[in-house]
There are 2 protein chains.
Amino acid sequence: MSLPQYDSRNRLLTLLPEEDLERLLPHLERVTLPLGKSLCESGVEMDHVYFPLDAIVSLLCVLENGTSAEIAVVGNEGIVGVSLFMGGRTTLSRAIVQSAGEAYRLDGQRLKNEFYQAGEMQQHLLHYTQALMTQLSQTAICNRYHTLDQQLCRWLLLCLDRLPDTNLAMTQNLIADMLGVRRSGVTQAAGKLQQAGLIAYHRGQITVLDRPGLEERVCECYKVVKDEYDRLMARPVVM
Amino acid sequence: MSLPQYDSRNRLLTLLPEEDLERLLPHLERVTLPLGKSLCESGVEMDHVYFPLDAIVSLLCVLENGTSAEIAVVGNEGIVGVSLFMGGRTTLSRAIVQSAGEAYRLDGQRLKNEFYQAGEMQQHLLHYTQALMTQLSQTAICNRYHTLDQQLCRWLLLCLDRLPDTNLAMTQNLIADMLGVRRSGVTQAAGKLQQAGLIAYHRGQITVLDRPGLEERVCECYKVVKDEYDRLMARPVVM
DNA sequence: GAACCTCTGTACGCTAGCGCACGTAATGAG
DNA sequence: CTCATTACGTGCGCTAGCGTACAGAGGTTC
């Protein structure tokens, strides 16, 4: 596909037939998402959806006392704002930019129109949503059973899959907030990985040195979710 | 609505316009779901969906080592088998009957046809799915932050909402499996509730004596999810 | 260069829940 | 009535992670 000025890094968009994409393209607005930006707040209707290109967005569930934890990650494989076409208009989760980068922004109403034409776009969006549900489920069980060490590996790999290189710009504080644990817990877990030579940590910059090593230590949740994304987001769509 | 022989206890079905329901009704097969019956296994395509009437079905996420934990509950408010219309054909979760009872069974292909007519049925199914996603998310964060005592209260209330009376037929062993904790952990938590006079436990029979008391002890997760279900499954549908 | 802030390392007591094991009471089958 | 089974109560040592606190190291500001 060689459309003018089209950045094809978003997997969900590239699944679209060329004609659908061409129709959509003029309305895709390229935006830069800075770290920490909120794309969606609990109970507030979104007026746009986002297709990340190299940005990573965390979906967070927030408790009354203000604490929160990540329930899913969205990167260049997906879309932020499923509640729009699911019809609920709002959702209880927050969407926060966890790794700054680029994204395509699309008007919510336009997405809905596209969705309700019941074409391939609808299929892909529904498939993606099902994959997202798998991620939510696996996060739940991972929270119940797996150690912080394993979860950290999972989280690093999730990010790695959605980034162009092996450099993650995130402080331990941020990671702790995402995982819903203490910052010093992350320090300890990251310390082990660093001692094992898998990562190098330096003031908010993590460099992954040995990805296979991480994959050895991670809990099964990582691969389970990844495989399910690959299965559900493979072409072609069979009805 | 007074259709012949129609059991109107399933909220999702009752949301349908009368004409849609009449079309569906001849194909709704009433079935009895015994305790422990599996309605869906990980990775296996379902050929039917189920609309519980007074049965309760647990959606479980299963790990490689065989342990599992509940990620959501489906009762008379919903449908078992969303992966069918979401298009993924299979899902990674198991669906196990947690409380025996009745349900309507519908052929999967017929449901898909109904869904792809893009009428109210589709809207309701999507809304329900979004509510289910909220339940998944809240389960994840509840697993992370809340105590077993709170989770037990949540679980009892979830069941209570989906049952006709205040009697739950479930052993502590079963509850432990659902919550993904030790059996003796449930014994202790239930012991506290019993001492407080909120429930009476006797060999697999729980009687809830003081529902408001449970609601005082439960974590916020219960109400958050319940309210979201009510919001998303209220008539009328606004596009 | 000095003051300040941010990020990371480390330590310590504490608690919820785990794994395991054993005892006991209720129930049902023969 | 007897016996096996199921369900529940209890105890004990153990560990991961919590809450908190403090210190040092790397940047930044003026």
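Convention: sequence-line order gives letters A, B, ...; per-chain numbering from 1. Quick note: numbers below take in every heavy atom, side chains included, and nothing from hydrogens, waters or symmetry partners.
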Base, sugar-phosphate, or nothing: which does G204(A) touch, judged by heavy atoms less than 4.0 Å apart?
sugar-phosphate
Which part of the nucleic acid, if any, lies within reach of T187(B) when heavy atoms closer than 4.0 Å are counted: base, sugar-phosphate only, or nothing?
base
Which nucleotide sits closest to the side chain of H202(A): dA26(C), dG26(D), dT8(C)?
dG26(D)
From dC20(C), dT8(C), dT27(C), pick the nucleotide closest to the side chain of S184(B)?
dC20(C)
Let me know the distance between [atom1] of [X] and [atom2] of [N], rounded to the nearest Å.
{"X": "Q151(A)", "N": "dC18(D)", "atom1": "CD", "atom2": "C1'", "result": "15 Å"}
{"X": "L174(A)", "N": "dT8(C)", "atom1": "CG", "atom2": "P", "result": "10 Å"}
{"X": "L179(B)", "N": "dA16(C)", "atom1": "CG", "atom2": "P", "result": "17 Å"}
{"X": "N143(B)", "N": "dA16(D)", "atom1": "CG", "atom2": "C1'", "result": "16 Å"}
{"X": "D149(A)", "N": "dT15(D)", "atom1": "CG", "atom2": "P", "result": "15 Å"}
{"X": "H146(B)", "N": "dC18(D)", "atom1": "NE2", "atom2": "P", "result": "14 Å"}
{"X": "Q205(A)", "N": "dG27(D)", "atom1": "CD", "atom2": "C1'", "result": "13 Å"}
{"X": "M170(B)", "N": "dC8(D)", "atom1": "CE", "atom2": "P", "result": "12 Å"}

Verify whether one side chain among E228(A) and Q135(A) offers a donor that lies under 3.5 Å from an acceptor in the other.
no
Under 3.5 Å, is there any donor-acceptor pair linking the side chain of [X] to the base of [N]?
{"X": "R183(B)", "N": "dG9(D)", "value": "yes"}
{"X": "R182(B)", "N": "dG19(C)", "value": "yes"}
{"X": "R203(A)", "N": "dT8(C)", "value": "no"}

Mapping R144(A) and Q188(A) to their closest nucleotides on DNA chain C, which lands nearer the 5' end?
Q188(A)
Could you go through the side-chain contact (heavy atoms from CB on, under 4.5 Å) check for L60(A) and S68(A) one step at a time?
CA-CA 6 Å; L60(A) 303 172; S68(A) 63; 4.3 Å; yes
Quick one: does any side-chain atom of Q98(B) pair with a main-chain N or O of L35(B) as donor and acceptor, under 3.5 Å?
no
Between V181(A) and A190(B), just flag the one whose closest nucleotide in DNA chain D comes earlier from the 5' side.
A190(B)
Qualifying residue for salt bridge (Lys or Arg N to Asp or Glu O under 4.0 Å) with E77(B), from K226(B), R162(B), R11(B)
R162(B)
If you compare every side-chain N and O of Q194(A) against the phosphate oxygens of dG9(C) (OP1, OP2), does one of them come in below 4.0 Å?
yes
Between D149(B) and R217(B) (salt bridge meaning N to carboxylate O under 4.0 Å), is one present in this structure?
no
